[in-house]
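To start, the structure under review is shown below, and the notes come after it.
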Protein chains: 2
Amino acid sequence: MDKLRSHIQQRLTEHGIKPSLQRIAVLEYLVTHATHPTVDTIFSDLYPSIPTLSKATVYNTLKLLVQCGAVNMITIDEKNARYDACTTPHMHFRCRKCGAILDIEQELPVTLGLPRGTVVESSQTYCYGVCAECNKQDITLH
Amino acid sequence: MDKLRSHIQQRLTEHGIKPSLQRIAVLEYLVTHATHPTVDTIFSDLYPSIPTLSKATVYNTLKLLVQCGAVNMITIDEKNARYDACTTPHMHFRCRKCGAILDIEQELPVTLGLPRGTVVESSQTYCYGVCAECNKQDITLH
DNA sequence: AATTAAAATTAAAATCATTCTAAATAAATG
DNA sequence: CATTTATTTAGAATGATTTTAATTTTAATT
């Protein structure tokens with residue numbers, strides 16, 4: 001599994017980020033967990049293997065990764081910022097029952113009606129509803 | 001201007017909300033200010049005319065309005081929740097220079113690739129970039 | 001109209017995510 | 001090796017939002 005590790009390091013370097021132990025750990029976590037985790041989840045999951053880790057470092061690292069374009073922050077959840085290492089265009093869906101956040105194939109939004117001269121640099125589409133799993137359970141429980 | 005007021009009251013009632021002075025004021029503010037204001041802005045702007053107003057009431061009222069579907073909360077701004085009385089589908093654009101949030105005609109997102117059984121109830125699309133005004137100023141300053 | 005009950009509003013305290021600060025550690029450079 | 005610079009860290013500070021408990025307003029009932 002050192003191919004992953006070197007790929008992570010490369011990705012950091014490509015974005016102008018010096019690959020420290022902590023930064024590698026955070027980015028690797030995001031790459032291997034497409035669950036759009038919160039800062040807290042990332043911290044708790046990494047803490048056992050890096051017992052000196054500070055939550056401030058997770059915050060710092062994520063801010064840096066976002067600034068450099070290495071990962072995306074998504075605001076689909078009003079309570080906590082969530083992070084996504086997949087930077088190719090796609091939408092997100094959040095289930096209001098279980099809270100899971102899923103990826104959806106992107107239909108690039110057509111930004112009609114913006115004043116001439118507006119420059120759109122990025123976009124995020126968030127969908128809300130109930131996931132298939134939770135709908136399945138509802139039927140079963142009946 | 002009492003046509004507006006009665007329209008606001010009706011809209012509250014239609015959504016099962018008892019139209020108190022404060023609730024009318026908050027909804028009327030949102031209807032007449034399509035600026036996607038924050039709680040703080042709403043409070044500061046209403047305070048002079050309702051000097052007994054509490055920020056908690058603004059929070060309570062907005063939460064109620066959102067729960068009842070009378071207004072939308074948008075999370076285009078990571079720092080503060082923003083509110084929008086226009087509930088017909090449209091997208092939002094935020095300028096990273098001046099912070100303005102503008103409406104954009106909606107292209108309904110096509111949610112491909114979601115597992116069979118998923119129910120999408122609503123969606124929000126946020127676009128980020130630089131608005132026409134700010135781009136104009138950049139050219140002039142050069 | 002007075003009394004009571006229920007709902008809404010309020011100010012202040014509590015909470016919680018995030019940022020800041022200043023010290024400690026690690027890495028890079030002369 | 002010494003020194004500067006960058007990174008990490010723990011804890012304090014901040015700021016948005018929620019909670020609490022008291023007060024006021026509204027509605028219902030006598």
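Computed from a predicted model, the values in this text were never measured in an experiment.
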Nearest whole Å is fine: how far is [N] [atom2] from [X] [atom1]?
| X | N | atom1 | atom2 | result |
| --- | --- | --- | --- | --- |
| A:K63 | C:dT18 | NZ | P | 11 Å |
| B:I17 | C:dA7 | CD1 | C1' | 14 Å |
| B:L62 | C:dT9 | CG | P | 12 Å |

With sequence neighbours excluded, give me every ring pair (Phe, Tyr, Trp, His ring centres under 6.0 Å) pair touching [range].
| range | value |
| --- | --- |
| residues 38-57 of chain A | A:F43-A:Y47 |
| residues 73-97 of chain A | A:H36-A:H92, A:H90-A:H92 |
| residues 111-135 of chain B | A:Y126-B:Y126 |

Pick out the pairs of N or O atoms, protein on one side and nucleotides 24-30 of chain C on the other, that lie under 3.5 Å.
none

Worksheet entry | For chain A, the stretch of DNA chain D it reaches, first to last nucleotide, under 4.0 Å of its heavy atoms |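 First-to-last contact on DNA chain D, by the 4.0 Å heavy-atom rule, is D:dA6 to D:dT18.
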
Worksheet item: Between the axis at one end of the helix from C:dA1-D:dT30 to C:dG30-D:dC1 and the axis at the other (five pairs apiece), what's the angle to 10 degrees?
Response: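 The end-segment axes of the helix from C:dA1-D:dT30 to C:dG30-D:dC1 are tilted 10° relative to each other.
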
Worksheet item: When you check the phosphate oxygens OP1 and OP2 of C:dT9, does a side-chain N or O of B:S20 lie under 4.0 Å from one of them?
Response: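 B:S20 to C:dT9 OP1/OP2: side-chain N or O found under 4.0 Å.
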
Item to complete: Sequence neighbours left out, what passes side chain to side chain contact (heavy atoms under 4.5 Å, CB included) with A:D77? Give chain and number order.
Response: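 A:K79, A:N80, A:R82, A:R94.
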
Worksheet item: Taking only residues two or more places apart in sequence, or in another chain, which ones meet B:C68 in a side chain to side chain contact (heavy atoms under 4.5 Å, CB included)?
Response: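 B:C68 satisfies side chain to side chain contact (heavy atoms under 4.5 Å, CB included) with B:H15, B:I17, B:L64 only.
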
Under 3.5 Å, which donor-acceptor pairs do the side chains of residues 114-121 of chain A form with other protein atoms, sequence neighbours left out?
from   : atom 1 : to     : atom 2 : distance (Å)
A:T118 : OG1    : A:P115 : O      : 2.6
A:E121 : OE1    : B:R96  : NE     : 2.9
A:E121 : OE2    : B:R96  : NE     : 3.3
A:E121 : OE2    : B:R96  : NH2    : 2.7

Worksheet item: Say you draw a straight line from SG of B:C131 to CD1 of B:I101; how long is it, rounded to the nearest 0.5 Å?
Response: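 One gets 12.0 Å once the value is rounded to the nearest 0.5 Å.
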
Item to complete: Using atom types as modelled and distance alone, determine if a side-chain donor or acceptor of B:T61 lies under 3.5 Å from a backbone N or O of B:V58.
Response: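 Not confirmed, B:T61 side chain does not pair with B:V58 backbone.
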
Worksheet entry | Main-chain N/O of A:L53 paired with A:T57 side-chain donor or acceptor, under 3.5 Å |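 Checking the backbone N and O of A:L53 against the side chain of A:T57, no donor-acceptor pair under 3.5 Å is found.
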
Polar atom pairs between nucleotides 10-17 of chain C and protein, under 3.5 Å, N or O only, would you list them?
from   : atom 1 : to    : atom 2 : distance (Å)
C:dT10 : OP1    : B:T52 : O      : 2.6
C:dT10 : OP1    : B:T52 : OG1    : 3.0
C:dT10 : OP1    : B:L53 : N      : 3.4
C:dT10 : OP2    : B:S54 : N      : 3.3
C:dT10 : OP2    : B:T57 : OG1    : 2.6
C:dT10 : O5'    : B:T52 : O      : 3.1

Per-pair distances, 0.1 Å, donor-acceptor, side chain in residues 19-31 of chain A, under 3.5 Å, sequence neighbours excluded:
from  : atom 1 : to    : atom 2 : distance (Å)
A:S20 : OG     : A:R23 : N      : 3.2
A:R23 : NH1    : A:K18 : O      : 3.0
A:E28 : OE1    : A:R5  : NE     : 2.6
A:E28 : OE1    : A:R5  : NH2    : 3.4
A:Y29 : OH     : A:D45 : OD2    : 2.4

Worksheet item: Between A:Q137 and A:E133, does any side-chain donor sit less than 3.5 Å from a side-chain acceptor?
Response: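 No pair is found: no donor N or O on one side chain lies under 3.5 Å from an acceptor on the other.
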
Worksheet item: Taking everything shown except B:H33 itself, do over 12 heavy atoms lie less than 6.0 Å from its NE2?
Response: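 Correct, the count exceeds 12.
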
Discussion item. Which residues pass the ring-ring contact (aromatic ring centres under 6.0 Å, His included) test with A:Y59, not counting sequence neighbours?
Written reply: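 Applying ring-ring contact (aromatic ring centres under 6.0 Å, His included) to A:Y59 gives none.
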
